[in-house]
Amino acid sequence: LDHGTGAKLSRELVERIAEALGDVYIGQMEDSALLDVGAGRIAVTTDSFVVTPLFFGSGDIGKVSVCGTVNDLAVSGARPLYLTLGLILEAGFPMKSLLRILASIRAAALEANVKIVAGDTKVVRQGEADQIFINTTGVGVLERSPLRAQAVRPGNKIIISGNIGNHSIHLLSVREGLGFERRVESDCAPLNGMIDMLLKSLPEGTISCMRDVTRGGLCAVLHEFARASGHTLQFHKERVPVTPEAVMAADMLGIELIHLANEGCLCLFVDEAHAEQVLGLLREHPYGRNAAIIGEVTATPEPRVYMVAPDGTRTMLEELYGAELPRLC
Amino acid sequence: MRETRRYRINGIVQGVGFRPCVHRLARQFGAGGWVLNDSDGVLLEVQGPGAALDAFMDELVTHPPPMARILRVLRVPASEPEVHYEGFEIKHSVDLQRTETIVPPDSNVCEDCLREMKNPEDRRHRYPFINCTNCGPRYSIIYDMPYDRPQSTMRAFRMCGPCEREYHDIEDRRYHAQPNACPDCGPRLEARDRDGQRIDTPDVVRFAIARLREGAIFAVKSLGGFHLVVDAANEAAVRELRRRKRRDAKPFAIMVADRESARRVAEVSHYDEQILESPQRPIVLLRKRPGVLSDAIAPRNPNLGIMLPSTPLHYLLLEDPGLQTLVMTSGNMSGHPICYDNESALTQLRGVVDYFVLHDRDIRTRVDDSLVRPTQAEGLGQPMLCFVRRSRGYAPYPIHLPEPVGSIVALGAELKTTVALSKKSEVFVGQHIGDLKNDSTFEAHTDCAKHMQQLLSIRPDVVACDMHPAFRSSRAAVERKELRVVRVQHHHAHMASCMAENGLTGKVIGAIFDGSGYGLDGTIWGGEFLYGDYREFTRVGHLRPLYLLGGDKAVREPIRVAISLLTETFGEEAHRLELPALADLEAFNREVFFKMAAKKINATPTTSMGRLFDGVSSLLRICHQCEYEAQAAIELEALLDRDFQMLPPLAYSLEAQEDRLVVDYRPLIRELVEELRGGATPDVKRLSRRFHSTVVDIIGQMCGRLAERHGTRTVVLSGGVFMNEYVLVNALRRLKELGLEPHCHRQLPTNDGGISLGQIMVAHAQSASAELPSSQETP
Ligand SMILES: [Fe+3]
Ligand SMILES: [Mg+2]
Ligand SMILES: [Zn+2]
Ligand SMILES: [Zn+2]
């Protein structure tokens with residue numbers, strides 16, 4: 001790539017991008033996109049994506065860039081409609097790779113039923129960026145009242161929609177050639193379809209709140225909700241959905257699955273009476289087949305997270321303290 | 001010529017029959033006067049001929065009551081004008097609120113009580129809670145000081161007439177014996193099945209003996225907590241206990257009735273006997289006689305942990321000639337603190353035991369069994385006692401310092417934690433608490449710190465803790481906003497602890513070897529040579545770093561350390577080495593570990609000497625996976641069979657790096673690998689001995705050079721690695737041969753159980769030389 005400077009080259013690049021995105025790109029190449037979002041409230045979120053490696057078994061940085069933003073909108077209760085796409089390319093980044101990434105952006109946008117309405121592309125000198133950075137901003141409409149972490153209350157059941165930790169392990173394994181990548185796949189997926197299905201099938205208020213489990217893993221999500229709700233959250237270690245392969249890999253690597261990132265996994269806080277129903281609905285959906293009720297919010301007015309072992313002993317979980325240092329003497 | 005003298009006596013002098021003893025001696029030597037308890041201890045005035053008074057004091061100091069510990073005897077001015085005493089009396093105690101006396105540790109049942117217990121005519125015949133002023137529970141049942149019945153868990157029992165009379169009779173052995181009780185008014189035993197249902201039996205002890213003889217597993221409430229008990233002679237029962245406790249390897253302690261029975265199962269020297277029979281009744285590591293008891297009790301270990309009975313109940317359980325040896329292991333699930341109340345025992349241990357022996361005397365403070373190892377070796381002079389765990393019988397007895405350090409609380413490290421509190425020149429070191437990662441252990445730790453402050457009426461103004469940012473004790477310290485926090489480097493604390501125990505004050509060389517500790521540079525240290533004093537230190541040498549593949553996981557799986565050692569030594573070639581140890585791993589796992597080692601994926605660098613032992617243990621195929629802490633190193637040492645003979649060391653090199661000496665282990669690994677690939681079956685016993693000899697040689701070489709460079713001859717050895725008897729004994733000998741003055745721990749464990757004392761010393765030295773930050777000056 002040497003398309004950062006010359007006006008013509010630059011325009012050509014943008015055109016190639018628009019072409020690759022095809023019908024999901026409805027930008028007009030003007031200064032701003034004008035959108036019709038109806039009369040309701042809108043939700044906006046933005047995220048920048050830096051992924052190593054760029055391409056992995058079940059996806060790439062393009063797919064992650066769409067799913068991450070779509071999922072952030074969807075968990076707030078919004079219906080994602082539009083994305084913007086910002087690309088920062090390192091000079092010399094192969095066009096073939098770019099086209100491959102754009103193809104998967106397109107595929108993910110199609111699946112998530114969102115349009116890309118504006119874009120920006122910068123090419124920087126070698127060393128100023130690492131191959132490619134992507135930023136997406138998403139806009140969605142709120143057709144119901146938004147889901148807020150403060151709504152989480154004692155008695156809520158905690159549901160996880162899929163196996164945890166796989167995305168991180170998959171990526172690490174591809175990056176370092178550890179050999180787990182064929183056994184542990186990334187779960188990267190747009191979840192708005194599944195979330196929409198849930199919210200449509202359930203009376204309002206059944207789901208107190210939800211979050212996509214990304215960086216920091218399940219542990220970070222639970223701590224966020226413990227703080228926001230001011231209550232104690234506890235979950236049962238053996239009920240957390242995991243694949244034996246991920247458990248083995250985490251064990252060998254000496255890392256904890258509850259601290260690892262996903263890209264297609266939800267953590268839901270659900271009214272107790274409807275927990276089984278929610279679980280049933282999730283399990284019928286392809287992205288929720290391994291869903292499980294893992295714990296509950298207890299009335300203790302202390303922002304704590306406890307993990308209960310199969311023998312009944314509770315351990316208070318700490319938020320990860322940077323990289324975990326060995327403590328054993 | 002009649003004289004009047006007044007003495008003040010400090011130490012453990014209250015609640016241990018001190019005043020009656022003074023009273024008895026005074027009359028024996030024909031002295032008049034009085035004795036009383038006050039907030040400083042005991043104050044007494046004696047009147048009589050000078051020679052008689054000399055003899056009186058001599059006798060008192062050399063033969064105080066068994067549970068008493070005299071710290072200081074001070075002659076103070078006598079009353080004026082001089083009065084003439086007709087006799088000797090015990091005066092009323094004065095001002096006991098601001099107590100300066102020391103809480104007595106728990107003690108074993110005394111001979112007098114035992115005699116009564118065995119006497120069918122005695123009203124306490126076979127009574128499992130018999131005690132007197134000279135024996136019985138103390139620290140474990142005390143809520144608060146001054147030590148009085150209503151301040152102990154005995155407040156739940158009201159003394160009957162006869163007990164009350166004994167309690168008030170100065171001539172009686174039970175004069176002011178706070179836990180005094182009898183079958184009519186005191187605590188009672190109770191048997192339950194595993195579901196917690198009461199078992200109706202006229203004699204709980206006989207019921208227990210009968211079931212134990214059939215191979216049943218019991219939980220028995222002892223003095224400081226529950227024990228899991230089986231007949232040690234019943235191999236199937238021992239194995240069943242291992243299965244239910246999910247514990248394959250960690251040695252179990254046993255209890256035998258007396259020294260003769262101990263001699264049947266182990267080698268017992270005269271010195272060992274003294275330790276076995278001491279009132280603290282620790283578990284004593286003694287060389288086992290092979291083939292007497294099942295190997296399942298202490299697998300792959302030359303020692304047996306043996307203790308003699310400490311409570312009357314223990315004696316009763318051993319009264320049947322058909323049941324002579326009991327396995328007595330701590331009543332907990334792995335990783336959890338020992339149960340000490342009936343309810344939690346009934347819930348936590350129901351999956352492990354068939355029956356419970358409970359009683360209704362509550363335990364206020366959980367106190368584990370103490371574990372010690374006596375060592376006798378040529379060239380060391382006196383026999384040495386090494387504490388592995390200092391708890392029941394010893395805690396919270398203080399360590400005496402040559403100089404006062406003020407009031408500081410120290411919170412220890414993360415594993416084997418103890419709390420220490422200082423007051424003037426005494427440091428009170430609390431009972432073993434354990435691994436703080438566990439919530440219930442952490443609660444015990446917090447409680448211990450509070451309880452000790454209350455018992456000893458110490459209000460600390462400084463809190464000392466470890467530098468590790470993630471240690472729970474350290475974070476708790478930071479939350480104590482009212483206290484000034486001093487974070488002490490882990491190995492500096494080890495060094496200072498050993499210095500303090502030995503009364504050292506100048507600059508020393510410290511050879512500090514352990515598993516891990518947070519270093520000044522944020523990495524994990526553990527094979528360190530320090531130079532310094534209480535206030536400061538310089539890191540003057542260390543082991544070349546190795547890598548923990550998967551962090552803490554590598555501590556439990558030494559094979560990971562072995563792979564790191566091989567990778568550091570052989571680079572790219574490492575994974576092509578054909579070693580039996582590597583063949584023990586599945587190919588896939590081996591590849592992953594080698595990649596982690598080569599690319600440093602989740603691989604934490606450490607200079608830990610403990611890990612070097614682990615890695616070598618795994619290379620020799622002694623232990624690839626640890627079920628309990630330091631298992632790999634313990635089993636590697638076990639191959640030496642407690643024989644201290646040295647062999648030529650393996651190769652290693654010392655490299656000057658910046659201003660430090662770095663011990664390069666790579667030549668050692670290279671030599672080991674060559675031996676292991678030699679074709680013939682490797683002689684692992686010999687290789688273990690050569691490795692151990694190498695570590696001794698490293699200590700000698702390093703300390704020799706460092707001592708010369710820094711112009712000091714004093715060396716302290718500390719850290720968990722010095723639990724290794726062979727290394728300790730030979731390092732002491734070697735350093736002496738080199739003309740140096742080596743010191744090791746004698747009163748506290750050399751592992752992290754001894755850290756809290758060192759933290760106090762460092763915190764004192766550092767706060768004495770630094771101004772309080774202004775933000776801390778608000779009241
Ligand atoms: Fe240590
Ligand atoms: Mg985001
Ligand atoms: Zn007694
Ligand atoms: Zn009585």
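In this text, all values refer to a predicted model and were calculated from it rather than measured experimentally. Every chain is numbered from 1 and lettered A, B, ... according to where its sequence line falls, protein lines coming before strand lines. Worth knowing before you read on, the calculation uses all heavy atoms, side chains too, and leaves out hydrogens, waters and symmetry mates.
With sequence neighbours left out, A:Glu128 forms a salt bridge (charged side-chain N to carboxylate O under 4.0 Å, His left out) with A:Arg125.
Counting only residues at least two apart or in different chains, ring pair (Phe, Tyr, Trp, His ring centres under 6.0 Å) contacts with residues 212-251 of chain A comprise A:Phe225-A:Phe269. Counting only residues at least two apart or in different chains, salt bridge (Lys or Arg N to Asp or Glu O under 4.0 Å) contacts with residues 224-242 of chain A comprise A:Arg211-A:Glu224, A:Arg227-A:Glu319.
Between B:Asp435 and B:Arg472 there is no salt bridge, since none of the side-chain N atoms of the basic residue sits less than 4.0 Å from a carboxylate O of the acidic one. Salt-bridge check for A:Glu263 with A:Lys63: failed, with every basic side-chain N at 4.0 Å or more from each acidic carboxylate O.
Residues of residues 152-169 of chain A never come within less than 4.5 angstrom of chain B, heavy atom to heavy atom.
Of the residues B:Asp514, B:Asn751, B:Thr750, the one that meets the side chain to side chain donor-acceptor pair (under 3.5 Å) test with B:His494 is B:Asp514.
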